[in-house]
Amino acid sequence: MSDLTVGVIRELYEGPEGANTMPYAPVVQVLSIKKIVSPNGPDRHRLILSDGQCFAQSMLATQLNHLVDGDENAPIRKHSVLRLVQVACNAVQGRRIIICLDVEAVAHPSTKIGTPEDVTKFIEHNPAAGGAPAQAAAVASTTANASVGAGRGGSNASSTTAAKNVPAAKPAAGARRNGSESVIYPIEGLSPYQNKWTIKARVTVKSDVRHWSNQRGDGKLFSVNLLDETGEIKATGFNEAVDNLYDVFEVGKVYYVSKARVNIAKKQFSNLSNEYEIAFERDTIVELCEDQDAAPQVKYNFVELASLGECPKDSTVDVLGIVKDNGDLSEITAKATNKQIKKRELTIVDRSGYSVRVTLWGRAAETWKDTDNGVFAFKGAKVGDFGGRTLSMGGQSTIAEDPDVEAAHALRGWYDTEGHLNEFTSYNSSMATSGAVTFKKDEFKTLDEVINSGIGMQSEKPEYFATRATITFIKTDNLSYPACPTEKCNKKMTMEDESQWRCEKCNRTYEKPEYRYIVSIAVNDFTNQIWLSGFNEMGLQLFGRTANEMQQLREENEDEFSIVINKALGTMYNFSVKAKADSFNDQVKVRYQLQKAAPVNWVEDAKVLAEQIQAMSV
Ligand SMILES: [Zn+2]
């Protein structure tokens, strides 16, 4: 037999409006459940809750719908006993409604407990029972640390026990600045049934101001996405709210937002999964939060530019890059709307050796401040396949300069020390068809020129050249090495016993190594031969298989392994090579390291040859 928290229904009914961080977790019984079908959104559920003494109307927050939408074994059903973890009280159409934001089912007795009375009638009959309303209100509005007030004369032992077992309720109750008494609400707790709330959230996206005009008139609007620990929600302001609030919001900053309406989300205009969205109103209050670390930062899931080829068209990605070229502001006319749109195409590069164009639109294109090789994070960029691969920033995308994430610091360091010397492979249109890389013809050297010019010998810094040559030999004895599988480690591991591989750097053992290529190949042209070395990416490109696969092939099917190697022999590439002097036993030797290998584009490269022949005037 479950004990109910006698008196709590009246307490909630007479307590203050708004969110209620319960100082204890009262236990009540469900007397009935009624489903209210809503044409414009998720269904709602009306519950009658009883504490054994009184019953009152309650609504279940829609995020708890799954607790009732089941069979007769659903967690919430008729006669279920629930622990109220978090509730809010609202006056809806003149009646007080208790909204269940978070509940736990405790037991499922088969009958009604006690003989509860309608709470309004009960108050009429017992005007002073259970302590003065003011006192009850004081209990309900205190913080989670408050003890249960004496006014709750009806409380029993079980409710006290329950309070100890329940973790502190979710929203951080506490006075905001200016002495305002609003409770900070989690974004996931917002619903149309509460009207007194404040959220503390970081702006992750801010749209341009958009204007519209139709037969009913014209107007303007903007929207922001707001993020806290519990979720993300879109908020939109129309007309006057644009004037009041557009300039207040800054992407990346944390704000208190209160006095706005919560509506059913129009998902066709949003990429968020929240069932609701916020509409700013005339008296909506937005204040900058004094503690800017108080809400979570935007999370990135960066994709390397070299991997964009694997991302499907129209997917969205996060990329981090150095802006090599700021592009020019231009204007195009959109075919669909016949409107002029501002446009700018940035070129970004990253450590993967690729460069890609990123298109900014509208205000983002206009307000872009030219940067000299700055690090920028592009979140939610859309992948296009125009000219190989391009990226486009849409209404839900964001750009952050120098984000305070490790990847950004690493990229900065890499670019300043060596990246700025690199050549980058661009996703251009010829790539889309042939995978070729366009080299400048004056960068090409014959192998004789490479050897006799002493390139790489002169300075400490590496030098670069391009050459067109054919693979004539591939060293197979050390094609790959057993590497540490930890991301970004790649250190060589040693075998301790048959199932234990050890990485000294990470100081741990693994069952299996991750093989990585160390390619060593001889290439020839009509003038000479040189040896080139390359790393994992080169092996992947030359053999079309991972080093793990090749290792396995070699162990299990030597013939097939030879076939793969031989297939790579005799193929011609445009190679981009880094030349750097190495001293070994007092001997200085230039090592040639493969940067990239692009299959020869016969048409384009023949045109270059034709130009060269013409230039010779023969
Ligand atoms: Zn390691």
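The figures here come from the full heavy-atom set of this structure, side chains too, leaving out hydrogens, waters and symmetry mates. Atoms within each ligand, like the ligands themselves, are counted from 1 in listed order.
- Closer than 2.8 Å to the Zn ion (ligand 1) sit the protein N, O or S atoms Cys484 SG, Cys489 SG, Cys503 SG, Cys506 SG.
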Step by step, would you call Tyr510 with Thr486 a side chain to side chain donor-acceptor pair (under 3.5 Å)?
CA-CA 10 Å; Tyr510 300 87; Thr486 299; 2.4 Å; yes
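- Cation-pi geometry between Arg202 and Tyr255 is not met at under 6.0 angstrom from the ring centre and within 45 degrees of the axis.
- Annotation: cation-pi pair Lys607/Trp602 absent, no NZ/CZ under 6.0 Å from the ring centroid and within 45° of its normal.
- The ring-ring contact (aromatic ring centres under 6.0 Å, His included) search around Tyr592 returns Phe465, not counting sequence neighbours.
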Side-chain donor-acceptor pairs of residues 558-570 under 3.5 Å, sequence neighbours excluded:
residue	atom	partner	partner atom	Å
Ser562	OG	Glu558	O	3.1
Asn566	ND2	Ser562	O	3.2

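- Partners of Tyr517 according to the ring-ring contact (aromatic ring centres under 6.0 Å, His included) rule, which considers only residues two or more places apart in sequence or in another chain, are Phe543.
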